[in-house]
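Letters A, B, ... mirror the listed sequences (proteins, then strands); counts begin at 1.
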Amino acid sequence: MQLKWWKILGVLLVLYSIIAGLLLPVPQLDILNESIRNLYFHVTMWFSMIILMLMSMIQSIRFLNGFDKMRDLKAEALASTGMFIAVLGLTTGMIWAQFTWGAFWVNDPKLNGAAVTMLIYLAYFILRNSIENEDSRARVSAIYNILAFVMMIVFIGVLPRMTDSLHPGNGGNPGFGNYDLDSNMRMVFYPAVIGWILVSTWIAQLRFRIKVLEIKKENL
Amino acid sequence: MKSFISTILFCLFIVYPAIAQDIEMADVMRSNGKIYVVVAVIAMIFVGLIVYLYRIDQRVNKLEE
């Protein structure tokens with residue numbers, strides 16, 4: 001069977017972002033130097049994680065509106081892929097921080113918010129696995145998933161902006177829009193975000209399909 | 001006085017890119033052409049992962065049928 005068009009598009013966009021992201025000129029800034037290119041790789045991880053969690057929450061809401069079990073499985077697959085992407089975002093961020101801020105972990109509200117967010121989603125999986133009854137498991141975890149998404153927005157989207165943060169666009173720091181006045185970076189960054197969202201959605205979709213197969217096998 | 005300050009500010013913005021030129025970037029890596037090797041390696045790894053993902057996709061397809 002042919003691959004779906006969006007999977008091919010996602011792969012091509014990420015491939016483009018790797019090649020163009022490493023070769024195209026970037027603003028020359030002190031301390032950051034060439035590491036500004038991490039924007040195409042590290043930041044895109046968090047963008048796609050947030051979108052995956054959003055899709056997961058939408059699936060949870062749609063589950064609660066009709067109790068279609070497939071929606072619950074989709075929400076779980078999307079959230080677990082989102083967690084995986086978040087781990088990548090966290091580790092790449094730690095490497096970047098070591099060489100620009102001087103430590104793998106600094107006491108930055110965005111970093112701590114991201115850590116809390118990951119713990120919140122970890123609790124989602126623990127909650128799922130701790131309920132034996134399938135129906136109540138799906139219902140309780142769907143409701144928790146909605147709460148988890150709201151908490152994530154608060155911890156990585158709202159709170160860091162209210163205090164001092166080393167991240168661009170937070171606490172008086174200029175946003176990343178200030179760095180790419182030549183808009184060269186935008187031409188790589190936005191395709192990279194879309195590409196990674198599509199690729200990670202593909203991974204989540206595979207996870208969901210395998211899960212469905214497992215359940216079918218159990219019911220045989 | 002106002003125009004004097006604005007002239008100075010204007011000059012700063014003109015001169016700033018010249019200062020920025022002194023910041024060290026990976027120019028050497030690009031000038032001898034070897035950066036393309038790195039790009040090729042990373043692109044290769046990504047393509048490899050995608051091929052692997054594609055094959056999992058095919059296998060799941062087969063199981064679903």
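Interface remark: A:L213 contributes side-chain atoms only to the contact with chain B (heavy atom separation under 4.5 Å). If you measure heavy-atom distances from A:K7 to chain B, the contacts under 4.5 Å come from the side chain alone.
Interatomic distance, B:L63 CG to A:E214 CD, rounded to the nearest 0.5 Å: 10.5 Å. Atom CD1 of A:I18 sits about 12.0 Å away from atom CE of B:M44, to the nearest 0.5 Å. Expressed to the nearest 0.5 Å, how far CD1 of A:I8 lies from CD1 of B:I50 amounts to 11.5 Å.
The number of heavy atoms from other shown groups lying within 6.0 Å of CZ (A:F84) does not exceed 12. The local environment of CG in A:N133 is crowded, with over 12 non-hydrogen atoms from other residues, nucleotides or ligands closer than 6.0 Å.
Options B:K62, B:E64, B:R59 differ in how many heavy-atom pairs under 4.5 Å they form with chain A, and the most are formed by B:E64.
Side-chain contact between B:I42 and A:F41 is absent, with no heavy atoms from C-beta onward closer than 4.5 Å. Looking only at side-chain heavy atoms (C-beta outward), B:Y54 and A:V11 stay at 4.5 Å or farther from each other.
Considering every non-hydrogen atom in both A:L206 and B:D57, the closest pair reads CD2-CA, 3.5 Å.
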